[in-house]
Amino acid sequence: MRIEYFQLIDRIVDLDLDGRTIRVDAQVPHESTIFEGHFPGHPLMPGVLLIEAMAQAAGWLVLAVTKFERMAFLAAVKEAKLRSFVTPGQLLSIEAKVLHEGSGYAMTKASVTVNGKLTCESELTLRIMPFPDPRLRATMEEVAGRIGFPMKAPTDG
Amino acid sequence: MMSSTFDTVANIIAETCDIPREKIQPESHAIDDLGIDSLDFLDIAFAIDKAFGIKLPLEQWTQEVNDGKATTEQYFVLKNLCARIDGLVAAKGA
């Protein structure tokens, strides 16, 4: 996880385009300036970043579904639940699924599991639109390569 | 327009956006009269897509409005929206 760059996903573990599901790993770093402030003596992965991590997992799924032709942006967070603390060094297993593919948006549901225990969940609405800038697409492609995004399979399929 | 389409849509809007059901009329403009914004409309579109088994072509509509080829009234006055829903349902069955 490159937490300071908001690149929270480390690895795509499973991607099922037919079932419209994805599972990814995200390793919370042991150290970050974020933990110095959040909180002194009680470092915690911020809840908003857990929601962001779920949104990124759902976003990679949408990118796969749309064959990397369009970008997903977080638009709504519903019924988010943060069930327990997440601390530095923990490994997040994040699952996301597409509930509905609309025209220009997707309704998704995502959850985070730590050590086999459900830690957070939310329904997330993503807006889907053309990449607004080629630099964004280039960066997404670069990250895709690093996290094992199957660029070939979705584009060929 | 089938009245049941309007009733379904009106109930969806009332529930999704917390708008009194009696305020929602066939002549109501979803944006101008009911104050529904584009993000709230996604929830409505989701519920309509599910209820009718269709996919409202929101991107196409937005593009047409932005290009000046259509007015928002054509898509977002509820009786017109319902007519388009009926059309999409009919096209699905054809």
Side-chain angles (χ1 to χ4, degrees), chain A residues 17-22 48 51-52 54-81 96-111 121-133 136-137 140 154, chain B residues 5 8-9 11-19 30-31 34-67 69-72 74-78 80-92:
Chain A
L17 283 179
D18 294 331
R20 297 287 195 256
T21 61
I22 193 170
V48 290
I51 291 167
E52 173 67 20
M54 290 192 285
Q56 290 187 12
W60 283 112
L61 175 57
V62 167
L63 255 69
V65 168
T66 60
K67 300 177 167 47
F68 221 92
E69 285 169 4
R70 317 227 288 157
M71 181 63 187
F73 294 92
L74 180 59
V77 178
K78 293 176 194 164
E79 295 286 324
K81 289 184 177 157
K97 67 176 171 183
V98 172
L99 301 175
H100 179 68
E101 280 172 72
S103 169
Y105 70 97
M107 298 296 183
T108 69
K109 186 173 174 62
S111 62
E121 74 221 63
S122 182
E123 285 191 22
L124 305 163
T125 303
L126 304 179
R127 280 194 192 275
I128 306 170
M129 55 182 71
F131 282 93
D133 190 293
L136 172 55
R137 183 178 173 135
M140 292 304 288
Chain B
T5 302
T8 303
V9 170
N11 289 339
I12 285 171
I13 291 172
E15 196 171 315
T16 308
C17 297
D18 204 15
I19 295 170
I31 303 163
L34 301 178
I36 297 166
D37 70 8
S38 69
L39 182 58
D40 286 332
F41 200 81
L42 293 187
D43 286 326
I44 293 168
F46 176 37
I48 287 174
D49 285 2
K50 267 198 306 186
F52 294 95
I54 56 172
K55 185 161 160 176
L56 288 182
L58 294 182
E59 287 177 294
Q60 184 195 324
W61 294 356
T62 306
Q63 192 65 48
E64 287 172 14
V65 169
N66 289 344
D67 292 347
K69 291 177 183 160
T71 62
T72 58
Q74 288 172 258
Y75 299 120
F76 296 105
V77 168
L78 297 188
N80 298 337
L81 176 65
C82 290
R84 290 181 189 279
I85 292 169
D86 287 343
L88 289 163
V89 171
K92 188 183 64 160

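Residue A:S103 comes nearest to B:P57 through the heavy atom pair OG-C, 3.6 Å, listed as atom of the first residue, atom of the second, then distance. Summarising the geometry of A:A76 relative to B:L39, their closest heavy-atom pair is CB-CD1, 4.4 Å, with the distance given to 0.1 Å.
Residue-environment remark: CG (B:D18) stays at or below the threshold of 12 foreign heavy atoms within 6.0 Å. Environment of NZ in A:K109: crowded, with over 12 heavy atoms of neighbouring residues, nucleotides or ligands closer than 6.0 Å.
Atom OG1 of A:T125 and atom CZ of B:F46 lie 8.0 Å apart (nearest 0.5 Å).
Residues forming a ring pair (Phe, Tyr, Trp, His ring centres under 6.0 Å) with B:F52 (at least two apart in sequence, or on another chain): none.
For the set A:M107, A:M129, A:E101, the entry with the most heavy-atom pairs within less than 4.5 Å of chain B is A:M107.
Using a 4.5 Å cut-off between heavy atoms, B:L56 contacts chain A through its backbone alone, with no side-chain atom that close.
Sorted by first and then second residue, the pairs that involve residues 42-62 of chain B and meet salt bridge (charged side-chain N to carboxylate O under 4.0 Å, His left out), not counting sequence neighbours, are A:R70-B:E59, A:K78-B:D43.
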